[in-house]
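A quick write-up on the structure given underneath.
Counting starts at 1 for both ligands and their atoms, in listed order. The model shown is predicted, which means the values in this text are computed figures rather than measured ones. Numbering of residues begins at 1 and proceeds along the displayed sequence. What's counted below: heavy atoms across the whole structure, side chains too, no hydrogens, waters or symmetry copies.
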Amino acid sequence: TVQLNPVIEPLSWMLGTWLSDPPGDGTFPSMKPFQYLEEVHISHVGQPMLNFSFNAFHPDTKKPMHRECGFIRIQPDTNKVAFISAQNTGLVEVEEGEVNGQELSIASHSVARISFAKKPHVEQTIMEAKGASKRVCVDLNNMGKRKKWHGISPGSLFSSKSAKEPKIEDHFIQKESITRKFRLNSEGKLEQTVSMSTTTQPMTQHLHITYKKVIP
Ligand code: HEM
């Protein structure tokens with residue numbers, strides 16, 4: 001077996017093959033509550049990142065349902081974490097956040113999807129003007145590209161011809177559309193909670209699941 005890269009030691013509590021126990025709970029205001037099974041495989045190959053796959057199944061028919069896979073990285077010498085995921089629904093997303101002890105909290109800063117993804121969509125990441133100017137500028141794919149921004153009070157962001165332009169963060173807050181929390185509970189089980197906002201619903205919990213480790 002390959003030795004764990006020390007950079008990802010703070011996430012080593014996530015490693016292993018995990019199986020839902022009990023079945024996960026799915027909820028959302030627009031849908032009937034449902035249950036699901038999920039197999040999780042979190043591994044590493046010696047690189048400073050984790051590799052993951054989450055594979056959900058129907059609890060009765062065992063028919064495959066939602067699937068996603070990707071990577072979890074840590075910015076070296078910090079507790080800053082990036083979570084990169086591709087989902088079978090046609091969604092790809094980047095979430096960032098922090099690991100603190102055996103708890104990882106992350107929120108999306110970018111989502112993209114295939115043109116024919118099922119609706120309603122998870123809300124696009126948008127940036128909202130801070131302070132008085134409440135008019136919103138839409139990101140849509142090119143965060144930070146000047147010509148994409150509209151409705152900003154004159155002079156606030158891009159009017160400056162000087163070398164030192166204000167940074168985007170000075171003027172906007174980013175609105176996330178997917179948030180997740182992972183934690184290792186006192187029984188040594190892994191827990192995941194996912195919330196999301198869609199084009200039709202505000203941020204609400206979609207999933208809660210507890211997994212038992214089946215293979216180290
Ligand atoms: C529905 C997103 C993970 C099962 C939905 C909807 C969205 C969504 C946007 C439509 C909501 C509506 O109709 O108002 C996501 C995201 C996920 C995720 C972003 C991961 C981050 C999962 C997982 C399961 C699941 C792991 C487990 C089986 C379902 C089901 C529905 C649904 C059964 C309702 C029927 C359908 O639209 O297919 N999800 N989902 N989702 N999701 Fe998820």
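Ligand 1 has no N or O atom lying under 3.5 Å from any N or O atom of Gln201, backbone or side chain. The shortest N or O to N or O distance between His121 and ligand 1 is not below 3.5 Å. The shortest N/O to N/O separation between Glu93 and ligand 1 does not fall below 3.5 Å.
Of the protein's heavy atoms, Phe34 CZ, 3.4 Å lies nearest to atom 29 (C) of ligand 1. What sits closest to atom 11 (C) of ligand 1 on the protein, heavy atoms only, is Met31 CE, 3.6 Å. From the protein, the heavy atom lying nearest to atom 2 (C) of ligand 1 is Met196 SD, 3.3 Å. The protein heavy atom nearest to atom 16 (C) of ligand 1 is Gln87 OE1, 3.9 Å. In this structure, atom 21 (C) of ligand 1 lies nearest to the protein heavy atom Arg180 NH2, 3.2 Å. Scanning the protein heavy atoms around atom 14 (O) of ligand 1, the nearest turns out to be Ser30 OG, 2.5 Å.
Across Gly24, Ser195, Pro33, Pro120, heavy-atom proximity to atom 9 (C) of ligand 1 is greatest for Pro120. The option from His66, Arg113, Glu123 that lies nearest to atom 23 (C) of ligand 1, judged by heavy atoms, is His66. Between the choices Lys118, Met65, Gln192, Arg67, the shortest heavy-atom distance to atom 37 (O) of ligand 1 belongs to Lys118.
Classified by interplanar angle (parallel below 30°, tilted 30° to 60°, perpendicular above 60°), the ring pair Phe54/Phe83 is tilted.
Distance alone, capped at 3.5 Å, is enough to place a donor-acceptor pair between the Arg113 side chain and the Val122 backbone. Side chain of Thr61 to backbone of His58: no donor-acceptor contact under 3.5 angstrom is found. Put simply, the side chain of Asn55 never gets that close to the backbone of Leu37: no donor and acceptor are under 3.5 Å apart.
For the residue pair Ser85 and Glu68, a side-chain donor N or O sits within less than 3.5 Å of a side-chain acceptor on the partner. Remark: the Thr27 side chain and the Gln205 side chain contain no N/O donor-acceptor pair separated by less than 3.5 Å.
Counting heavy-atom neighbours within 6.0 Å of Lys181 NZ, excluding the residue itself, gives a total of 12 or less. Within 6.0 Å of atom CZ in Arg180, more than 12 heavy atoms from other residues, nucleotides or ligands are found, so the atom counts as buried in its surroundings.
Contacts with ligand 1 closer than 4.0 Å are made by side-chain heavy atoms of Leu207 only, the backbone lying farther away. The side chain of Phe28, and not its backbone, has at least one atom closer than 4.0 Å to an atom of ligand 1 (non-hydrogen atoms only; side chain from C-beta on).
The Val122 neighbourhood of ligand 1 comprises atoms 9 (C), 19 (C), with distances under 4.0 Å to a heavy atom of that residue. Interface of Ala56 with ligand 1, defined as ligand atoms under 4.0 Å from a residue heavy atom, comprises 27 (C), 28 (C).
The closest approach of His206 to atom 43 (Fe) of ligand 1, by N/O/S atoms, is made by NE2.
Atoms CE and OG1, on Met203 and Thr198 in that order, are 10.0 Å from each other to the nearest 0.5 Å. Atom CD of Gln201 and atom CD of Glu123 lie 11.0 Å apart (nearest 0.5 Å).
Considering Glu96, Glu95, Glu98 as possible partners of Lys80, the one that fulfils the salt bridge (charged side-chain N to carboxylate O under 4.0 Å, His left out) test is Glu96.
At least one heavy atom of Glu38 sits closer than 4.0 Å to an atom of ligand 1.
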